[in-house]
*Asks:* 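Below is the structure I would like to discuss, written out as structure tokens.
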Amino acid sequence: MAGCEQPPAQLEGRIHGTVIDARDESPVDGASVTADPGGTGATADEDGAFVLDLPAGRYSLVASKPGRRSSEPVELVIARGDTADVVLTIPDLPDELTVRMPIGVVPAGYDELVTLEAEAVDPEGDSLTYTWRQLRGPDITPSFEGQGTPALTLRTLSIEEVVRPEGRFGPMPISAFGQGEYGIELEVSDGEHTATAQAAIRSGSPSGGWPRLAFGIDAYFDCGGIATPRFRIESATPCIPEDPDGGPPTDCTPVELFDADTCTPRLRGHYYGSFELVEQTSGRQVHYLVGRWFGVNDANSSCVRPECHLIAGEKWERTRHASVFTRAIDGELGPDYGPACARCHTLGNDAAGRNAGFDDVSFESGWRWPERFEPGNWDAVPDEVKDLANVQCSNCHAPGMFWKGYGVGVCAQCHDAPPTYTKVAEWRASPMSRFVRSLAEDDPALRKGCTRCHSAQGAVAAWRAEHGSATARPDALIDRTIPNLDETIDAPSVDEVQPITCVACHDVKSDLPRMLRVRGVEHIPSMGTTPIDAGASAVCLRCHNSQVDPTDPETMARRLAPMQGAQSDVFYGSGATEARDELPQHASVAVCTDCHMKAPAAGLEGAAGGHTFLVRARGGRANLAACSGCHEEVDDFDVEALGDWDGDGSVESGRAEYRGLVAVVQEALAGAIDTAAIIDCTGGARAVWFSEVDARIVLVDGAGEPLVDCDGWPLVFADDQLALHRVAFDLLLLERDGSEGLHAPRFAARVLQLAATELLGDAVPEWDLAERSGP
């Protein structure tokens with residue numbers, strides 16, 4: 001049968017050709033070559049070569065490449081049996097209007113001039129118009145110069161404008177917002193078509209505010225308001241090679257210092273080592289380490305080895321942090337996930353420098369982002385890349401070596417990126433972000449016994465002590481102080497103390513919802529052993545209570561006062577000296593977070609609700625969304641009371657009735673104190689009212705100064721004046737609740753009516769009785 005095969009057709013001419021690039025005359029692999037007439041085609045090989053066999057005739061040859069303008073046609077004639085040679089040149093022109101700008105992130109610094117230069121090409125040679133705009137980041141459009149040209153000059157914002165330095169001596173935390181990243185877009189038009197290109201500019205790299213430096217990444221320091229700061233590096237160790245066979249020379253230093261005579265000097269780490277950053281004016285210094293990022297599975301990491309932090313590692317593995325990147329590339333977080341998201345979901349992922357982080361290791365390993373997010377992608381990730389994926393120990397504990405911090409900067413690295421992540425911005429508007437007395441000597445954040453509710457360090461130490469994860473030192477209670485506060489918790493130093501930051505309520509290793517430290521059942525002193533199922537608000541109850549039980553004889557004997565933050569006592573109807581409610585109306589339907597974290601009404605975003613914990617913005621406007629779920633018509637939290645509780649002859653709002661009752665009780669108590677004619681030991685001062693000193697209710701004169709007994713102690717109500725003390729206690733309780741009765745309207749009214757009855761007897765106004773609520 002082989003002899004029956006037909007011979008191949010004999011073609012009459014052949015073209016040998018090469019396709020080259022006009023830019024450098026290099027071969028163009030994969031270019032398409034078409035011959036007309038006939039439309040016969042060929043594809044250039046890696047050397048740009050192609051062959052066409054064609055019948056004799058006249059032809060026009062064109063080479064093309066996707067994204068580039070086609071070559072100029074080459075006319076040639078092929079005779080029968082001839083071979084022709086031809087070179088086709090792909091011009092350095094796109095096949096349509098295009099524009100190019102710098103790729104990747106452009107590091108720029110703070111308060112720096114930056115010029116972006118674009119290259120726009122129109123294949124037809126039309127005149128072009130240029131329009132620059134800002135897509136994201138803090139607004140810097142007023143600094144734009146060069147609008148209408150292919151080169152834009154702009155100025156980044158200063159470090160004070162975006163980082164918002166705390167004004168405290170120490171390493172400066174830089175949040176996701178504070179990195180000052182700006183998205184810039186250029187639109188080019190030829191009158192008929194448009195093309196766009198984008199560039200990203202970044203001033204700094206996010207940091208938790210730790211005394212650690214990653215290789216090649218700039219970090220900043222806050223001088224804390226020193227008038228003439230002068231910084232220098234001292235005691236820098238010789239560089240430590242990364243491995244015995246390589247690394248830097250031993251006579252180098254691990255760090256560079258820039259802007260040494262400013263309040264915000266800049267540090268850049270290069271090699272393993274340590275040093276002291278010294279401020280010469282004050283003599284203060286901070287010890288720094290320079291190192292690389294260690295993943296949890298790194299052979300040199302001590303994070304989760306059995307002899308180190310095995311339990312913490314097991315807890316971490318159950319959190320969403322531990323798998324967020326894994327789930328994302330396997331398609332569980334949706335199609336919009338991308339490299340911008342992964343900056344926070346991996347370790348050391350920073351395009352601003354080579355810091356041995358996730359992006360650097362990914363590049364070196366050859367791993368690239370999958371084209372589609374689908375199951376199996378994670379399995380294909382190289383082990384060295386997996387080791388730096390997901391949110392893990394060093395994301396919070398810094399590069400190089402374990403560091404423990406309590407500031408908001410650790411979480412703000414990612415969770416301060418409005419409008420997507422607003423929690424830290426909201427927190428900054430909350431009272432919890434500030435110290436009570438601006439860290440003066442008597443600030444409760446610095447007082448033993450108070451720090452557990454006024455500092456992040458104290459809150460965490462108290463929680464650990466209660467859960468057996470820390471050893472508390474037994475110290476004797478200081479006399480005349482609150483017995484319920486844990487005096488075993490030492491106050492942090494003024495340089496280290498942090499307000500109530502994220503870590504006071506959340507633990508990144510917690511497997512509770514929202515990573516809360518506490519959830520569900522909690523106790524408060526005024527309810528003794530009675531459990532309160534407060535759900536997510538259990539963490540609030542730990543501090544927002546009066547700290548005392550008024551039914552405890554010792555509380556009365558020592559004339560103790562209810563402490564600030566008595567909200568839960570009023571909310572659950574338990575903190576007053578006589579009135580007790582089993583189920584106040586609000587406690588039957590809500591917990592703290594239901595109202596204080598309620599998504600705010602329009603116009604109050606970031607100023608109320610959420611992590612501001614405010615139902616009233618600092619400007620005074622009420623977040624009526626906190627009430628509107630139950631009360632259809634609400635005006636500034638004013639809901640009509642259930643009766644004429646203050647006896648003035650009309651039923652007003654609950655707050656108005658409350659204020660009326662407070663006035664009745666205050667007038668009656670002032671009269672009773674005046675009638676008692678209480679004077680100090682010398683007889684030179686007479687009591688007119690009461691106050692709180694050292695957690696006790698004491699008597700004060702007309703100038704507000706405490707009266708003193710003959711031992712020099714502040715004077716308190718005598719034993720035969722205990723009824724007056726109880727009224728003063730209840731007034732102070734409601735005042736320190738701060739809600740004007742809103743937390744438990746009927747309970748608050750009952751407390752005040754009983755107090756008035758204690759003082760006035762049958763002479764009380766004719767009011768509607770605020771009866772006890774409950775089943």
*Asks:* So Val693 and Arg696, side-chain contact (heavy atoms from CB on, under 4.5 Å) or not? Walk me through it.
*Replies:* CA-CA 5 Å; Val693 174; Arg696 305 174 78 208; over 6 Å; no

*Asks:* Tell me whether the count of non-hydrogen atoms from other residues, nucleotides or ligands lying under 6.0 Å of CD in Glu441 goes above 12.
*Replies:*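 No, not enclosed.
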
*Asks:* Do Cys540 and Glu522 have side chains that approach each other closer than 4.5 Å (heavy atoms only, starting at C-beta)?
*Replies:*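 When only atoms from C-beta onward are counted, Glu522 and Cys540 do not touch, as no gap falls below 4.5 Å.
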
*Asks:* Arg434 side chain to Ser430 main-chain N or O, any donor-acceptor pair under 3.5 Å?
*Replies:*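 Here the side-chain-to-backbone pair exists.
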
*Asks:* Where the side chain of Trp427 meets the backbone of Ile500, is there a donor-acceptor pair that is under 3.5 Å apart?
*Replies:*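 Judged by distance alone, yes, a pair lies under 3.5 Å.
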
*Asks:* If every non-hydrogen atom of Glu256 is compared with every non-hydrogen atom of His270, which pair is closest and at what distance?
*Replies:*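 Closest approach of Glu256 to His270: OE1-NE2, 2.6 Å.
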
*Asks:* Where the side chain of Ser207 meets the backbone of Ile174, is there a donor-acceptor pair that is under 3.5 Å apart?
*Replies:*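 Side chain of Ser207 to backbone of Ile174: no pair is present.
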
*Asks:* Any donor-acceptor pair under 3.5 Å linking the side chain of Thr422 with the backbone of Pro419?
*Replies:*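 Judged by distance alone, no pair lies under 3.5 Å.
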
*Asks:* Is there side-chain contact between Lys404 and Val503, with heavy atoms separated by less than 4.5 Å?
*Replies:*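 Not touching, per the 4.5 Å side-chain cut-off.
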
*Asks:* What's the verdict on side-chain contact (heavy atoms from CB on, under 4.5 Å) for Val494 and Asp443, showing C-alpha distance, side-chain angles and the deciding distance?
*Replies:* CA-CA 10 Å; Val494 68; Asp443 194 304; over 6 Å; no

*Asks:* Counting only heavy atoms from other residues, nucleotides and ligands, does the tally under 6.0 Å from OH of Tyr421 exceed 12?
*Replies:*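 Result for OH/Tyr421: open.
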
*Asks:* Less than 4.0 angstrom from a charged side-chain N to a carboxylate O is my criterion; do Asp360 and Arg292 meet it?
*Replies:*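 No.
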
*Asks:* Say you draw a straight line from CZ of Arg327 to OH of Tyr337; how long is it, rounded to the nearest 0.5 Å?
*Replies:*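 Arg327 atom CZ to Tyr337 atom OH measures 9.5 Å (nearest 0.5 Å).
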
*Asks:* Please check: side-chain N/O of Trp210 versus main-chain N/O of Cys396, any donor-acceptor pairing under 3.5 Å?
*Replies:*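 No, because the side chain of Trp210 does not come within donor-acceptor range (under 3.5 Å) of the backbone of Cys396.
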
*Asks:* Any idea how Phe169 and Phe231 line up, ring-wise: parallel (<30°), tilted (30 to 60°), or perpendicular (>60°)?
*Replies:*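 If you compare the ring of Phe169 with that of Phe231, the planes turn out parallel.
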
*Asks:* Between Trp403 and Gly209, what is the shortest heavy-atom contact and its length?
*Replies:*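 Looking at all heavy atoms of both residues, the shortest contact is CZ2-O, 3.9 Å.
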
*Asks:* Do the side chain of Thr319 and the main chain of Trp316 share a donor and acceptor less than 3.5 angstrom apart?
*Replies:*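 Pair found, side chain donor or acceptor close to backbone of Trp316.
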
*Asks:* Sequence neighbours left out, what pairs pass salt bridge (Lys or Arg N to Asp or Glu O under 4.0 Å) with at least one residue falling in residues 272-288?
*Replies:*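 Output for this query lists Arg284-Asp495.
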
*Asks:* Just by distance, with hydrogens left out, do Asn545 and Ser526 show a side-chain donor and acceptor under 3.5 Å apart?
*Replies:*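 There is no such pair (donor and acceptor under 3.5 Å, judged by atom type) between the side chains of Asn545 and Ser526.
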
*Asks:* Are the side chain of Thr612 and the backbone N or O of Ala429 linked by a donor-acceptor pair below 3.5 Å?
*Replies:*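 A pair under 3.5 Å: no.
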
*Asks:* Determine if the SG-SG distance between Cys344 and Cys414 falls under 2.5 Å.
*Replies:*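 The sulfur gammas are closer than 2.5 Å, so yes.
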
*Asks:* Centroid separation under 6.0 Å, is that true for the rings of Phe571 and His544?
*Replies:*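 No, the ring of His544 stays outside the 6.0 Å limit from the ring of Phe571, centre to centre.
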
*Asks:* Keeping the roles fixed (side chain from Asp416, backbone from Ser175), state whether a donor-acceptor pair exists under 3.5 Å.
*Replies:*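 Between the backbone of Ser175 and the side chain of Asp416 there is no qualifying donor-acceptor contact (under 3.5 Å).
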
*Asks:* Does this structure show an ion pair linking Asp507 with Arg464, if we count only N-O contacts that are shorter than 4.0 Å?
*Replies:*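 Salt bridge between Asp507 and Arg464, a charged N being under 4.0 Å from a carboxylate O: no.
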
*Asks:* Which atom names give the shortest non-hydrogen contact between Phe325 and Asn390, and what distance separates them?
*Replies:*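 The answer is N-OD1, 2.7 Å.
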
*Asks:* Has the side chain of Ser158 got a donor or acceptor atom that lies under 3.5 Å from a matching backbone atom of Asp111?
*Replies:*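 Between the backbone of Asp111 and the side chain of Ser158 there is no qualifying donor-acceptor contact (under 3.5 Å).
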
*Asks:* Kindly determine whether Cys453 and Cys543 satisfy disulfide bond (SG atoms under 2.5 Å apart), including the steps that lead there.
*Replies:* CA-CA 6 Å; Cys453 287; Cys543 286; 2.2 Å; yes

*Asks:* May I ask you to decide whether Arg343 forms a salt bridge with Glu181, counting only side-chain N to carboxylate O separations under 4.0 Å?
*Replies:*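 Between Glu181 and Arg343 there is no salt bridge, as every charged N stays at least 4.0 Å from the carboxylate O atoms.
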
*Asks:* Given side-chain contact (heavy atoms from CB on, under 4.5 Å), test Phe402 with Phe294 step by step and report yes or no.
*Replies:* CA-CA 10 Å; Phe402 182 88; Phe294 285 112; over 6 Å; no

*Asks:* Tell me every residue that passes side chain to side chain contact (heavy atoms under 4.5 Å, CB included) with Asp442, counting only those two or more places apart in sequence or in another chain.
*Replies:*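 Counting only residues at least two positions away or on another chain, Asp442 forms a side chain to side chain contact (heavy atoms under 4.5 Å, CB included) with Arg437, Ala440.
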
*Asks:* It should be assessed whether the SG atoms of Cys223 and Cys263 lie less than 2.5 angstrom apart.
*Replies:*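 Cys223 pairs with Cys263 as a disulfide (SG atoms under 2.5 Å apart), so yes.
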
*Asks:* To the nearest 0.5 Å, what is the distance between CZ on Arg164 and CZ on Arg428?
*Replies:*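 One gets 4.5 Å once the value is rounded to the nearest 0.5 Å.
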
*Asks:* Are there more than 12 heavy atoms of other residues, nucleotides or ligands under 6.0 Å from atom CZ of Arg320?
*Replies:*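 Result for CZ/Arg320: open.
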
*Asks:* Ala445 and Pro492: which non-hydrogen atoms are nearest, and at how many Å?
*Replies:*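 Ala445 and Pro492 have their closest heavy atoms at O-CD, 3.8 Å.
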
*Asks:* Flag the pair Phe613 / His596 as yes when their ring centroid distance falls below 6.0 Å, and as no otherwise.
*Replies:*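 No - the distance between ring centres of Phe613 and His596 does not fall below the 6.0 Å cut-off.
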
*Asks:* Between Asp359 and Thr346, is there a side-chain heavy-atom distance shorter than 4.5 Å?
*Replies:*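 When only atoms from C-beta onward are counted, Asp359 and Thr346 do not touch, as no gap falls below 4.5 Å.
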
*Asks:* Determine whether Ser274 and Leu289 make a side-chain contact, defined as any pair of heavy atoms from C-beta on separated by less than 4.5 Å.
*Replies:*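 Side-chain contact under 4.5 Å: yes.
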
*Asks:* Are any of the side-chain heavy atoms of Phe435 and Ser455 separated by less than 4.5 Å?
*Replies:*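 They are not in contact (no side-chain heavy atoms under 4.5 Å apart), so the answer is no.
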
*Asks:* My understanding is that only one of Leu512, Thr501, Val539, Leu516 makes a side chain to side chain contact (heavy atoms under 4.5 Å, CB included) with His506; could you say which?
*Replies:*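 It is Leu516, the one option of Leu512, Thr501, Val539, Leu516 that forms the side chain to side chain contact (heavy atoms under 4.5 Å, CB included) with His506.
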
*Asks:* In terms of heavy-atom contacts, does NZ of Lys386 have more than 12 from other residues, nucleotides or ligands at under 6.0 Å?
*Replies:*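 Count over threshold, so yes.
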
*Asks:* Please check if any side-chain donor atom of Gln567 sits under 3.5 Å from a side-chain acceptor atom of His743, or the reverse.
*Replies:*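 Checked: Gln567/His743 side chains show no N/O donor-acceptor pair below 3.5 Å.
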
*Asks:* Mind listing the closest non-hydrogen atom pair of His611 and Lys423 along with its distance?
*Replies:*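 Nearest pair, atom of His611 first, then Lys423: CB-O, 3.7 Å.
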
*Asks:* How are the rings of Phe221 and Tyr288 set to each other: parallel, tilted or perpendicular (split at 30° and 60°)?
*Replies:*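 The rings of Phe221 and Tyr288 sit tilted, inter-plane angle from 30° to 60°.
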
*Asks:* Apply the test side-chain contact (heavy atoms from CB on, under 4.5 Å) to residues Cys592 and Leu541: give CA-CA distance (whole Å), side-chain angles for both, the deciding distance (0.1 Å), then the verdict.
*Replies:* CA-CA 9 Å; Cys592 314; Leu541 269 59; 4.0 Å; yes

*Asks:* Is any side-chain heavy atom of Asn395 closer than 4.5 Å to one of Gln413?
*Replies:*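 No - every pair of side-chain heavy atoms lies 4.5 Å or more apart.
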
*Asks:* Are the side chains of Arg519 and Pro513 in touch, meaning some heavy atoms are under 4.5 Å apart?
*Replies:*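 SC-SC contact between Arg519 and Pro513 confirmed.
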
*Asks:* Is the backbone of Glu496 close enough, under 3.5 Å, to the side chain of Gln457 for a donor and an acceptor to pair up by distance?
*Replies:*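 Confirmed, Gln457 side chain pairs with Glu496 backbone.
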
*Asks:* How about Val163 and Tyr220: do any of their side-chain heavy atoms sit closer than 4.5 Å?
*Replies:*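 Result no, sub-4.5 Å side-chain heavy-atom pair not found.
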
*Asks:* Looking at every non-hydrogen atom in both residues, tell me the closest pair between Ala214 and Asn355 and how far apart they are.
*Replies:*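 The pair with the smallest heavy-atom distance is CB-CB, 4.3 Å.
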
